[in-house]
2 protein chains.
Amino acid sequence: MIPKELAAASSRPLVLAILAKGDDYGYSIIQRVKEASGGQIEWSEGMLYPVLHRLEKEELIRSFWKQTDNGRRRKYYRLSASGKRSLTVHRDQWNSVHKTLSQLWGTEPCFS
Amino acid sequence: MIPKELAAASSRPLVLAILAKGDDYGYSIIQRVKEASGGQIEWSEGMLYPVLHRLEKEELIRSFWKQTDNGRRRKYYRLSASGKRSLTVHRDQWNSVHKTLSQLWGTEPCFS
DNA sequence: TTGCTATACCTAGCGCCACTAGGTATATTG
DNA sequence: CAATATACCTAGTGGCGCTAGGTATAGCAA
């Protein structure tokens, strides 16, 4: 279980990172995060959708509707140019904090 | 500049990690964090003191007053047994998220 | 037919927490 | 005798995860 503060800090970077790999929609993003984290991170819909709406409002991502074969509709999101830039900023900030924490924990800092 | 969500996620782990190295007081903790982060993380007092009070309320840390030579008083904090346990939990949660992010960013995950 | 589950979207209200913007007090320095 | 650094505190605000609901379609089983 990931505490809410850590969830808040990682939600934007995670969504941006996933969309950097290709367009995706909400329900699928939740499953991807769970998969990528080995089941450690389990997002609720009530957590993700507001994040997506905020990112779209900030124009870091754009949305468009798509129909599947069986008629079910999905709202896909695509990373914008500024979203790509934002992703690297988030990554640098994260790594900066991670380096500090690793150092204090007495383990080797991770420069990746 | 570290965004507020990332600051929120790292404040507890950072304070616990610093106190794990020895007793310390508020004003000094702010400087230690700035130093340890290479100037990247600059905490305000209005951010740190509530954190310390919360941690004390949760009994993860304990406080005691001390007089310096020049007569100025300082409120020192010490990590409790449950605080030490909490530190490792925070570290594991952090590393879990970090591993996921690193993986999605396409860099080698950091297992430290 | 009638549920039940999975998929797929949405939001109002609550509570936590960083941050702003103040306040108090003492020691040092110009 | 101000200005700065040290050292503590807190009320109010806004952002955001989360709970707990809602809507709707597809597929499957009783």
Side-chain angles (χ1 to χ4, degrees), chain A residues 1-16 18 23-35 37 40-58 60-61 63-77 90 93 97, chain B residues 1-16 18 23-35 37 40-58 60-61 63-77 90 93 97:
Chain A
M1 177 57 192
I2 304 298
K4 59 153 51 186
E5 299 88 30
L6 191 48
S10 55
S11 63
R12 283 161 182 268
L14 280 172
V15 170
L16 294 176
I18 285 170
D23 299 350
D24 212 344
Y25 59 97
Y27 204 83
S28 167
I29 291 173
I30 290 174
Q31 294 167 328
R32 274 178 196 273
V33 167
K34 185 175 177 181
E35 206 182 322
S37 67
Q40 294 289 303
I41 307 175
E42 287 194 67
W43 281 354
S44 65
E45 300 182 20
M47 179 271 209
L48 177 62
Y49 289 117
V51 171
L52 289 172
H53 298 161
R54 256 178 275 134
L55 288 173
E56 190 176 14
K57 201 174 172 188
E58 295 163 12
L60 301 181
I61 62 177
S63 69
F64 51 97
W65 288 99
K66 244 193 196 176
Q67 290 284 332
T68 56
D69 296 337
N70 52 29
R72 188 176 284 143
R73 64 189 197 139
R74 287 172 180 162
K75 196 175 187 180
Y76 278 81
Y77 290 93
H90 276 294
Q93 289 165 342
V97 173
Chain B
M1 178 57 190
I2 304 298
K4 58 154 47 188
E5 298 88 30
L6 190 49
S10 56
S11 64
R12 283 160 182 268
L14 280 171
V15 169
L16 294 176
I18 285 170
D23 299 349
D24 211 343
Y25 60 98
Y27 203 83
S28 167
I29 291 173
I30 290 174
Q31 294 167 328
R32 273 178 197 272
V33 168
K34 184 175 178 181
E35 205 182 324
S37 67
Q40 295 289 305
I41 307 175
E42 286 194 68
W43 281 354
S44 66
E45 301 183 19
M47 179 270 209
L48 177 62
Y49 289 118
V51 172
L52 289 171
H53 298 162
R54 269 194 303 270
L55 289 173
E56 190 177 15
K57 202 174 172 189
E58 296 164 12
L60 301 180
I61 61 177
S63 69
F64 51 97
W65 288 98
K66 244 192 192 175
Q67 289 286 332
T68 55
D69 297 337
N70 52 28
R72 187 176 287 145
R73 66 190 194 137
R74 288 173 181 161
K75 196 175 187 179
Y76 277 81
Y77 291 92
H90 277 293
Q93 289 166 342
V97 174

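Keep in mind that this is a model prediction, so the values were computed, not measured. All chains are named by letter (A, B, ...) in the order of the sequence lines, taking the proteins before the strands, and each is independently numbered beginning at 1.
Residue B:Glu35 qualifies as open at atom CD: its count of foreign heavy atoms under 6.0 Å is 12 or below.
In this structure, A:Arg54 CZ and A:Ile61 CD1 are separated by 10.5 Å, a value rounded to the nearest 0.5 Å. Atom NZ of residue A:Lys34 and atom CD of residue A:Glu42 lie 4.0 Å apart, to the nearest 0.5 angstrom. If you take CH2 on B:Trp43 and CD1 on B:Ile29, they are separated by 8.0 Å, rounding to the nearest 0.5 Å. Rounding to the nearest 0.5 Å places CD1 of B:Ile2 at 12.5 Å from OG of B:Ser11. Between atom OH of residue A:Tyr25 and atom CG of residue A:Leu52 there is a gap of 13.0 Å, rounded to the nearest 0.5 Å.
Minimum heavy-atom separation, B:Ile18 to B:Arg32: CG2-CD, 3.8 Å.
Looking at B:Glu5, its side chain never comes within 3.5 Å of a backbone N or O of A:Ser10 through a donor-acceptor pair.
Following rounding to the nearest Å, A:Arg32 (CZ) and C:dT7 (P) show an atom-to-atom distance of 14 Å. Between the NZ atom of B:Lys4 and the P atom of C:dC19 there is a distance of 7 Å, rounded to whole Å. Separating the CD1 atom of A:Ile2 from the C1' atom of D:dG17 is a distance of 14 Å, rounded to the nearest angstrom. The distance between atom CD of A:Gln67 and atom P of D:dA24, rounded to the nearest whole Å, is 16 Å. Rounding to whole angstrom units, CD of residue A:Glu5 and P of C:dG15 are separated by 16 Å. The nearest whole Å value for the distance from the NZ atom in A:Lys57 to the P atom in D:dC16 is 10 Å. Rounded to whole angstrom, the span from the CD1 atom of A:Ile30 across to the C1' atom of D:dG17 amounts to 13 Å.
Residues from residues 6-15 of chain A with heavy atoms under 4.0 angstrom of DNA chain C: there are none.
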Once each nucleotide of nucleotides 3-10 of chain D is scored for protein heavy atoms under 4.0 Å, what B/S/- sequence comes out, 5' to 3'?
-> --BBBBBB
